[in-house]
Amino acid sequence: MGSAVEAMKTGAYDYIEKPFEPEEFQMVFNRATEHARLLKEVKLLRQRQNECDAGEIIGSSASIRKLQSTIQRIAGFDTTVLITGETGTGKELVARAIHRMSKRKDGIFMAVNCAALPESILESELFGHEKGAFTGATNQKKGILETASGGTLFLDEINSTTPNFQAKLLRALEEGTIIRVGGTKPVKIDIRVIAASNINLLEEVRAGRFRADLYYRLNVVNLEIPPLRKRKEDIPLLAHYFLNRFSKKYHKEIKTISHGVMEKLLQYNWPGNVRELENTIERAVLMQSGNELTGVELPDALVTDIEDSDDQIVSIAEMEEALIRRALQRFQGRRDLAASALGISTATLWRKMKLYGIG
Ligand SMILES: Nc1ncnc2c1ncn2[C@@H]1O[C@H](COP(=O)(O)OP(=O)(O)OP(=O)(O)O)[C@@H](O)[C@H]1O
Ligand SMILES: [Mg+2]
């Protein structure tokens, strides 16, 4: 018995006492192989979990936390979802997260950019076509709505589709069937549609550019992702998240972000949103040596803003007042950030605010 304990301690999976029956040996052997299989599976799941972490929605702002909790609540239901947000705010990231948290997670996640394809191609890609449906349709072809059955279809830039296409999509969603281009027979489909738009779709409806019926069908759940400039408190978290990711990727040891760089990141208004931040950090990591990120390249936001404004001549004082108001507005009243954006001390900012009667 002593040697059995010893064997287990050194990593043996099990032991059999002699003499043993063949069935007994078979049983232990089966258990051992099952054990090995489970270990492998755990490893695979851990790996998949890590990959999932790469799709994590980072952010601590109220809007992102609300988004995270809404996703949790709705992911499990098979409703259509409409995601709106400027370019680079994370619409696809959110769509993937919903898919991963849904019952369809083992099915396909298919992303189609509606703006990238002309209507006829988009239609035959999605709905498929029968043989001879149009010149070049030499074979019957199943569309994505059929082939991605059991999965999720992400329709990006849905706003750029035509009314004709919108009507077909609506019918497919309402009836759960499609008719292939050139066909007559309805085919059952089982797909969850998540649509995204980088412009306000309701305005498109009001302007008559988007079908109201499809809008209401898609809008069962509407997730709005605010631009990064409206949730600047997410910048430090995101910046560190990307720093870690790219440090790892490029085998660097950069662990921290210098105060100066962080200030620059907070000052900038990120027209390209999180994607722009991600690319900025990636570039900075590549250029950096040592263990702190001390440099970052960004367009000068304030200067561009002045150049963009109308070319009326105003007094320096007026200009100064306008700049201060704008900076305070941009940083939601945070004087420390506004002052550093303006290149003045908080004391000076305070004094000038009193002078112009701001605040
Ligand atoms: N909250 C977030 N946390 C972590 N990464 C994010 C977040 N938001 C966006 N990203 C990253 O930013 C990049 C752009 O996101 P995504 O492609 O989802 O944006 P999008 O809204 O679909 O943009 P577009 O309108 O240009 O298609 C991706 O690499 C994504 O992983
Ligand atoms: Mg996208």
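Contact between D336 and T346 at its shortest, heavy atoms only, is CA-CG2, 3.6 Å. When all heavy atoms of A111 and E92 are compared, the closest pair comes out as CB-OE2, 3.9 Å. The heavy-atom pair separating G295 from V261 by the smallest distance is N-CG2, 3.5 Å. When every heavy atom of L122 is checked against every heavy atom of C114, the shortest pair comes out as CD2-CB, 4.1 Å. Residues I108 and A148 share a closest heavy-atom pair of CD1-CA, 4.2 Å. Closest non-hydrogen pair, P271 versus T87, comes out as O-CG2, 4.3 Å.
Taking 4.5 Å as the limit, some side-chain heavy atom of L228 sits within range of a side-chain heavy atom of L238. The shortest side-chain heavy-atom distance between L223 and I98 falls under the 4.5 Å cut-off. Contact of the W270 side chain with the T280 side chain is registered, since non-hydrogen atoms from C-beta on lie closer than 4.5 Å. At least one side-chain heavy atom of T70 sits under 4.5 Å from a side-chain heavy atom of R73. Contact annotation: the side chain of L173 approaches that of L214 to within less than 4.5 Å [non-hydrogen atoms, C-beta and beyond]. Between M110 and I191 the shortest side-chain heavy-atom distance does not fall below 4.5 Å. Counting only heavy atoms from C-beta outward, the side chains of R192 and S102 approach each other to under 4.5 Å. Side-chain contact between L155 and L126: present, with at least one pair of heavy atoms (C-beta onward) separated by less than 4.5 Å.
A distance of 6.0 Å separates CZ of F331 from CG of L337, quoted to the nearest 0.5 Å. To the nearest 0.5 angstrom, N279 atom CG is 8.0 Å from E276 atom CD. Note: S149 OG to K142 NZ = 9.0 Å, rounded to the nearest 0.5 Å. Expressed to the nearest 0.5 Å, how far CE of M353 lies from CZ of R335 amounts to 4.0 Å. One finds the CG atom of D156 at 6.0 Å from the NZ atom of K91 (value rounded to the nearest 0.5 Å). Once rounded to the nearest 0.5 Å, the distance linking CD1 of I71 with CD1 of I83 reads 7.5 Å.
V81 and V193 are members of different hydrophobic clusters when ILVMFWY side chains are connected at heavy-atom separations under 4.5 Å. When hydrophobic clusters are built by joining Ile, Leu, Val, Met, Phe, Trp and Tyr residues whose side-chain heavy atoms come closer than 4.5 Å, directly or via intermediates, V94 is grouped together with M101. Both I121 and L153 are members of a single hydrophobic cluster when ILVMFWY side chains are connected at heavy-atom separations under 4.5 Å. Under the 4.5 Å side-chain heavy-atom criterion for Ile, Leu, Val, Met, Phe, Trp and Tyr, L286 and L298 are members of the same hydrophobic cluster. Residues I158 and L202 are members of one and the same hydrophobic cluster, defined by side-chain heavy-atom contacts under 4.5 angstrom among Ile, Leu, Val, Met, Phe, Trp and Tyr.
A donor-acceptor contact under 3.5 angstrom links the side chains of Q288 and T294, judged on distance only. Remark: the D234 side chain and the S61 side chain contain an N/O donor-acceptor pair separated by less than 3.5 Å. Residues N159 and E204 bring no donor and acceptor atom of their side chains to less than 3.5 Å of each other. Looking at E56 and Y241, their side chains never bring a donor and an acceptor atom within 3.5 Å of each other. For the residue pair T161 and Q166, a side-chain donor N or O sits within less than 3.5 Å of a side-chain acceptor on the partner. With 3.5 Å as the limit, one finds a donor-acceptor pair spanning the side chains of E282 and Y250.
Contact check on D78 versus K103 returns no salt bridge, with no Lys/Arg side-chain nitrogen under 4.0 Å from an Asp/Glu carboxylate oxygen. Taking a cutoff of 4.0 Å between a charged side-chain nitrogen and a carboxylate oxygen, R37 and E34 qualify as a salt bridge.
The backbone N or O of G290 lies less than 3.5 Å from no partner atom in the side chain of K252, so there is not a single donor-acceptor pair. A distance-only check finds a donor-acceptor pair linking the side chain of H240 to the backbone of P236 [under 3.5 Å]. Between the side chain of K264 and the backbone N or O of V296, at least one donor-acceptor pair lies under 3.5 Å. In this structure, S247 contributes its side chain and I254 its backbone to a donor-acceptor pair below 3.5 Å. In this structure, the side chain of N273 does not engage the main chain of R275 through any donor-acceptor pair within 3.5 Å. Using a distance-only test at 3.5 Å, with no hydrogens or angles considered, a donor-acceptor pair links the side chain of T80 to the main chain of R217.
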Criterion side chain to side chain contact (heavy atoms under 4.5 Å, CB included) on K255 and L293, from CA distance to verdict: CA-CA 8 Å; K255 300 265 185 271; L293 198 72; over 6 Å; no

Side chain to side chain contact (heavy atoms under 4.5 Å, CB included) evaluation trace for Y215 with L82: CA-CA 9 Å; Y215 171 79; L82 176 64; 4.0 Å; yes

Would R231 and I225 count as a side chain to side chain contact (heavy atoms under 4.5 Å, CB included) here? Give the steps. CA-CA 10 Å; R231 47 181 171 102; I225 318 180; 3.8 Å; yes

Check the pair F154 / H99 against side chain to side chain contact (heavy atoms under 4.5 Å, CB included), numbers first and verdict last. CA-CA 9 Å; F154 176 58; H99 173 73; over 6 Å; no

Could you please spell out the steps behind the salt bridge (Lys or Arg N to Asp or Glu O under 4.0 Å) verdict for E86 and R229? CA-CA 11 Å; E86 287 180 11; R229 66 182 171 280; 2.6 Å; yes

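In this structure, F134 and H129 have perpendicular ring planes: the angle between them is above 60°, well past the 30° mark. The aromatic rings of F29 and F25 lie parallel to each other, their planes meeting at an angle below 30°, with 60° marking the opposite boundary.
When the options K185, K141, R180 are evaluated for a salt bridge (charged side-chain N to carboxylate O under 4.0 Å, His left out) with E130, the one that passes is R180.
Residue Q26 places its CD atom among more than 12 non-hydrogen atoms of other residues, nucleotides or ligands, all under 6.0 Å distant.
E119 pairs by the side chain to side chain contact (heavy atoms under 4.5 Å, CB included) definition with E123, T162, N164, F165, not counting sequence neighbours.
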